[in-house]
A.B. asks: 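Attaching a single structure in structure tokens format; questions to follow.
The figures that follow rest on heavy atoms only: side chains count, while hydrogens, waters and symmetry mates do not. Sequential numbering from 1 along the given sequence is applied to the chain's residues. Order of appearance sets the numbers: ligands from 1, and atoms from 1 within every ligand. As the structure is a computational prediction, the values presented were derived from the model and not from experiment.
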Amino acid sequence: MAALRSFPDFPIPGINFIDILPLFQDVNTHEALLVALQLQIELSHQKPDVIVGLDARGFLFGPSLALRMGASFVPVRKQGKMPGPCVTAAYEKEYGTDFFQMQDGAIKPGQKVLIVDDIIATGGSAAAAGELVKKLGGETIGYLFILEIAFLKGREKLGGVPVTTLLETDE
Ligand SMILES: O=P(O)(O)OC[C@H]1O[C@H](OP(=O)(O)OP(=O)(O)O)[C@H](O)[C@@H]1O
Ligand SMILES: Nc1ncnc2[nH]cnc12
């Protein structure tokens with residue numbers, strides 16, 4: 001937790017924003033983070049075919065983790081960023097409303113998918129990503145986060161799919 005910083009009233013008043021970026025500034029901490037995430041996947045005894053990372057902070061470690069696991073990486077992006085036909089889901093998060101998209105065909109029917117992101121707060125973003133995976137015919141086998149803001153109870157939005165987090169805070 002020492003590498004994380006919090007910023008009161010960012011991006012809007014009332015939100016205590018937790019900044020995970022320092023984890024990537026130190027090579028050893030970055031490496032330890034990836035080792036810890038990989039270990040969590042291995043402990044689940046479920047090998048994902050695809051790792052789905054959420055725009056934007058899920059892109060910081062999703063592709064590296066996918067390479068380590070021998071899985072493909074597929075991004076979920078905010079609306080309007082990707083070309084071609086996409087599936088779309090609306091969602092609410094801790095500080096606003098947004099739309100997520102995935103490209104048609106990015107996941108093949110029946111593929112096992114692990115959804116990763118830096119933080120689970122209300123769970124709105126992660127739930128929308130799960131919806132998109134389902135629309136493409138994939139099977140979400142789990143969610144993996146670096147940090148859970150536990151009092152927001154986001155995991156309750158994820159339909160009973162296994163949720164793993166490395167760290168937890170109640171602030
Ligand atoms: O559980 P929730 O309440 O949905 O919140 C969690 C989401 O919020 C943050 O992303 P944000 O939308 O701020 O986008 P960014 O990564 O582009 O900054 C965070 O990286 C998660 O994706
Ligand atoms: N409090 C928070 N800090 C950082 N990212 C977030 N995403 C949603 N809530 C957040």
A.B. asks: If the cut-off is 4.0 Å to any non-hydrogen atom of Thr122, which atoms of ligand 1 fall inside it?
C.D. replies: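 Listed by number with element: 1 (O), 2 (P), 3 (O), 4 (O).
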A.B. asks: Does the distance from a Lys or Arg side-chain N to an Asp or Glu carboxylate O, for Asp98 and Lys93, drop under 4.0 Å?
C.D. replies: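 Between Lys93 and Asp98 there is a salt bridge, with a charged N closer than 4.0 Å to a carboxylate O.
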A.B. asks: When clusters are formed by joining ILVMFWY residues with side-chain heavy atoms under 4.5 Å apart, either directly or through shared neighbours, do Phe73 and Phe61 land in the same one?
C.D. replies: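 In one cluster with Phe73: Phe61, yes.
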A.B. asks: Is Ala121 in polar range of ligand 1, meaning some N or O pair under 3.5 Å apart?
C.D. replies: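 It does: an N or O of Ala121 is found under 3.5 Å from an N or O of ligand 1.
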A.B. asks: Closer than 4.0 angstrom, basic N to acidic O: yes or no for Glu139 and Lys108?
C.D. replies: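 So Glu139 does not pair with Lys108 through a salt bridge.
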A.B. asks: Taking the six-membered ring for Trp, are Tyr91 and Phe100 ring centroids under 6.0 Å apart?
C.D. replies: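 Here the rings of Phe100 and Tyr91 have centres that are less than 6.0 Å from each other.
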A.B. asks: Holding to side chain to side chain donor-acceptor pair (under 3.5 Å), I want the full list of residues that pass it with Lys135, two or more places apart in sequence or in another chain.
C.D. replies: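 Once residues adjacent in sequence are excluded, Lys135 has no partner under the side chain to side chain donor-acceptor pair (under 3.5 Å) criterion.
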A.B. asks: Quick one: does Tyr95 get within less than 4.0 Å of ligand 1, heavy atoms only?
C.D. replies: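 A heavy atom of Tyr95 does come that close to ligand 1.
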A.B. asks: Check if Asp117 has a non-hydrogen atom at a distance under 4.0 Å from any atom of ligand 1.
C.D. replies: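 In this structure, Asp117 qualifies as a contact of ligand 1 - some heavy atom is under 4.0 Å.
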A.B. asks: Only counting residues at least two apart or in another chain, list the ones meeting side chain to side chain contact (heavy atoms under 4.5 Å, CB included) with Thr164.
C.D. replies: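 For Thr164 the side chain to side chain contact (heavy atoms under 4.5 Å, CB included) partners, ignoring immediate neighbours, are Gln40, Leu144.
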A.B. asks: Nearest non-hydrogen atom to atom 11 (P) of ligand 1 belongs to which of Arg155, Glu92, Lys93?
C.D. replies: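 Answer by nearest heavy atom: Lys93.
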A.B. asks: Among protein heavy atoms, which sits nearest to atom 19 (C) of ligand 1, and what does the distance come to when rounded to 0.1 Å?
C.D. replies: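 Looking only at protein heavy atoms, the one closest to atom 19 (C) of ligand 1 is Asp118 OD1, 3.3 Å.
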A.B. asks: Identify whether the distance between the nearest side-chain nitrogen and carboxylate oxygen of Lys112 and Asp49 falls below 4.0 Å.
C.D. replies: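 Judged by the 4.0 Å cut-off on N to carboxylate O distance, Lys112 and Asp49 do not form a salt bridge.
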A.B. asks: Under a 4.0 angstrom heavy-atom cut-off, which atoms of ligand 1 come close to Ile119?
C.D. replies: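 Counting from 1, the qualifying ligand atoms are 6 (C), 21 (C).
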A.B. asks: Looking only at protein heavy atoms, identify the closest one to atom 4 (O) of ligand 1 and say how far it is in Å.
C.D. replies: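 Nearest neighbour among protein heavy atoms for atom 4 (O) of ligand 1, to 0.1 Å: Ser125 OG, 2.6 Å.
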A.B. asks: Nearest to atom 10 (O) of ligand 1, what protein heavy atom do you find, and at what distance?
C.D. replies: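 Nearest neighbour among protein heavy atoms for atom 10 (O) of ligand 1, to 0.1 Å: Arg57 NH2, 3.5 Å.
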A.B. asks: Answer with yes or no whether the hydrophobic clustering places Phe7 together with Ile149; edges join I, L, V, M, F, W, Y residues whose side-chain heavy atoms lie under 4.5 Å apart.
C.D. replies: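 No, Phe7 does not connect to Ile149 through the hydrophobic network.
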A.B. asks: Indicate the ring-plane relationship of Phe17 and Phe10, choosing parallel, tilted or perpendicular according to the 30° and 60° boundaries.
C.D. replies: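 Perpendicular.
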A.B. asks: Just go through Ala56, Gly58, Gly123, Gly154 and tell me whose heavy atom is the nearest to atom 1 (O) of ligand 1.
C.D. replies: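 Nearest heavy atom to atom 1 (O) of ligand 1 lies in Gly123.
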A.B. asks: So, does Asp9 use its side chain to make a donor-acceptor pair with the main chain of Gly14 at under 3.5 Å?
C.D. replies: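 Checking the backbone N and O of Gly14 against the side chain of Asp9, a donor-acceptor pair under 3.5 Å is found.
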A.B. asks: For atom 17 (O) of ligand 1, grab the closest protein heavy atom and report residue, atom and distance to one decimal in Å.
C.D. replies: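 Heavy-atom neighbour on the protein nearest atom 17 (O) of ligand 1: Lys78 NZ, 2.8 Å.
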A.B. asks: Partners of Asp104 by side chain to side chain donor-acceptor pair (under 3.5 Å), sequence neighbours excluded?
C.D. replies: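 Per chain and number, Asp104 pairs via side chain to side chain donor-acceptor pair (under 3.5 Å) with no residue.
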A.B. asks: Between the protein and ligand 2, are there any N or O atom pairs that come within less than 3.5 Å of each other, and if so, what are their names and distances?
C.D. replies:
unit_1	atom_1	unit_2	atom_2	d
ligand 2	1 (N)	Asn16	O	3.0
ligand 2	1 (N)	Glu94	OE1	3.0
ligand 2	3 (N)	Ile18	N	2.8
ligand 2	5 (N)	Arg57	NH1	3.3
ligand 2	7 (N)	Tyr95	OH	3.3
ligand 2	9 (N)	Glu94	OE1	2.4

